[in-house]
Amino acid sequence: MKIVIDTNVFVAGMRSSGGASRLVLRKALTGDFQPLFGNALWMEYMDLMGRDVWGSESTIQEREAVLAALAQRGRWVSIYYAWRPNLPDEGDNHLVELAIAGGANTIVTHNVKDLRAGELHFTGLDVLLSNSV
């Protein structure tokens with residue numbers, strides 16, 4: 001199953017030793033899910049690496065190692081068409097664009113309300129909380 005893992009799910013998964021977000025990361029690392037990456041999402045991941053949002057559950061080296069392993073399991077997607085304006089938060093549009101360009105089944109996020117509030121709706125694309133995957 002192809003999925004887009006929002007940065008908030010990556011952070012939650014790395015901050016916890018269990019829970020739904022951690023399970024999403026595990027399933028991506030074991031090949032049950034194929035994470036999709038694009039320029040905007042990758043830049044968000046990189047921007048978060050040095051921020052003070054992580055707590056003491058992981059080191060920057062551990063986060064970088066998990067992200068590198070996800071990248072090996074995942075697929076890089078080039079986005080050639082922008083679906084804008086669509087979402088209330090302009091900063092979230094790249095997630096929908098990545099999912100559509102990569103043929104994803106699901107966007108996994110903690111921001112379900114905003115991602116479901118778009119002007120455009122795409123058949124076959126679900127927006128789910130990490131505990132719903």
Side-chain angles (χ1 to χ4, degrees):
M1 181 166 81
K2 298 174 192 170
I3 65 170
V4 174
I5 302 173
D6 197 354
T7 53
N8 53 37
V9 173
F10 181 74
V11 170
M14 293 300 297
R15 287 185 57 135
S16 161
S17 61
S21 294
R22 184 68 156 229
L23 183 59
V24 168
L25 296 180
R26 281 191 183 125
K27 285 186 172 197
L29 290 169
T30 59
D32 292 334
F33 299 150
Q34 181 184 39
L36 302 179
F37 302 101
N39 288 337
L41 182 59
W42 194 259
M43 294 306 292
E44 277 190 15
Y45 282 126
M46 292 293 99
D47 182 53
L48 281 172
M49 284 297 156
R51 285 195 191 174
D52 187 25
V53 296
W54 300 98
S56 60
E57 295 298 318
S58 65
T59 66
I60 191 165
Q61 293 82 10
E62 291 168 331
R63 294 188 294 272
E64 287 174 345
V66 169
L67 191 55
L70 284 172
Q72 287 186 330
R73 285 286 188 181
R75 183 169 64 97
W76 195 268
V77 176
S78 296
I79 299 169
Y80 298 102
Y81 187 82
W83 296 93
R84 305 204 181 168
N86 186 33
L87 300 176
D89 181 352
E90 172 61 29
D92 290 333
N93 278 315
H94 72 94
L95 298 170
V96 173
E97 293 165 355
L98 175 58
I100 296 302
N105 309 82
T106 306
I107 298 173
V108 184
T109 184
H110 290 266
N111 192 13
V112 171
K113 180 183 171 206
D114 284 349
L115 284 168
R116 287 186 180 161
E119 297 168 347
L120 302 173
H121 297 278
F122 299 92
T123 304
L125 177 62
D126 294 319
V127 177
L128 301 175
L129 279 170
S130 56
N131 64 0
S132 301
V133 178

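FYI, side chains are in, hydrogens and waters are out, and symmetry mates aren't considered; it's all heavy atoms of this structure.
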Please determine whether residues Val4 and Tyr80 belong to a single hydrophobic cluster, defined as Ile, Leu, Val, Met, Phe, Trp and Tyr linked transitively by side-chain heavy-atom distances below 4.5 Å.
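In one cluster: no.
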Would you say the side-chain atoms of [X] pair up with the backbone N or O of [Y], donor to acceptor, closer than 3.5 Å?
X	Y	answer
Thr30	Arg26	yes
Asn93	Leu87	yes
Asn86	Glu119	yes
Trp76	Ala71	no
Asn105	Lys2	yes

If every non-hydrogen atom of [X] is compared with every non-hydrogen atom of [Y], which pair is closest and at what distance?
X	Y	result
Leu115	Val96	CD2-CG2, 4.3 Å
Ser21	Val9	CB-O, 3.5 Å
Arg15	Trp54	CG-O, 3.3 Å
Leu125	Ala99	CD1-CB, 3.7 Å
Ala101	Val77	CB-CG1, 3.6 Å

Who are the side-chain contact (heavy atoms from CB on, under 4.5 Å) partners of Leu23, not counting sequence neighbours?
Lys27
Using the side chain to side chain donor-acceptor pair (under 3.5 Å) criterion, which residues pair with Gln72? Sequence neighbours excluded.
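Partners of Gln72 under the side chain to side chain donor-acceptor pair (under 3.5 Å) test: none.
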For Arg63, give me all partners under side chain to side chain donor-acceptor pair (under 3.5 Å), at least two apart in sequence or on another chain.
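By the side chain to side chain donor-acceptor pair (under 3.5 Å) rule, Arg63 matches Ser58.
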Salt bridge (Lys or Arg N to Asp or Glu O under 4.0 Å) with Asp47: which residues, sequence neighbours excluded?
Arg51
So, do Ile107 and Leu128 sit near enough that their side-chain heavy atoms are less than 4.5 Å apart?
no
Side chains of Leu48 and Phe10: closer than 4.5 Å at any heavy-atom pair?
no
So CG of Leu25 and CD1 of Ile5: to nearest 0.5 Å the spacing works out to 5.5 Å
Going by distance alone, is a donor N or O of one side chain under 3.5 Å from an acceptor N or O of the other, for Asn111 and Asp92?
yes
Considering only residues two or more places apart or on different chains, which pairs with a residue in residues 95-114 satisfy ring pair (Phe, Tyr, Trp, His ring centres under 6.0 Å)?
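As it turns out, there is no ring pair (Phe, Tyr, Trp, His ring centres under 6.0 Å) pair with a partner in residues 95-114 once direct neighbours are skipped.
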Contacts under 3.5 angstrom, residues 33-44 side chains, donor-acceptor by atom type, not counting sequence neighbours:
from, atom 1, to, atom 2, distance (Å)
Glu44, OE1, Thr7, OG1, 3.3
Glu44, OE2, His94, NE2, 2.9

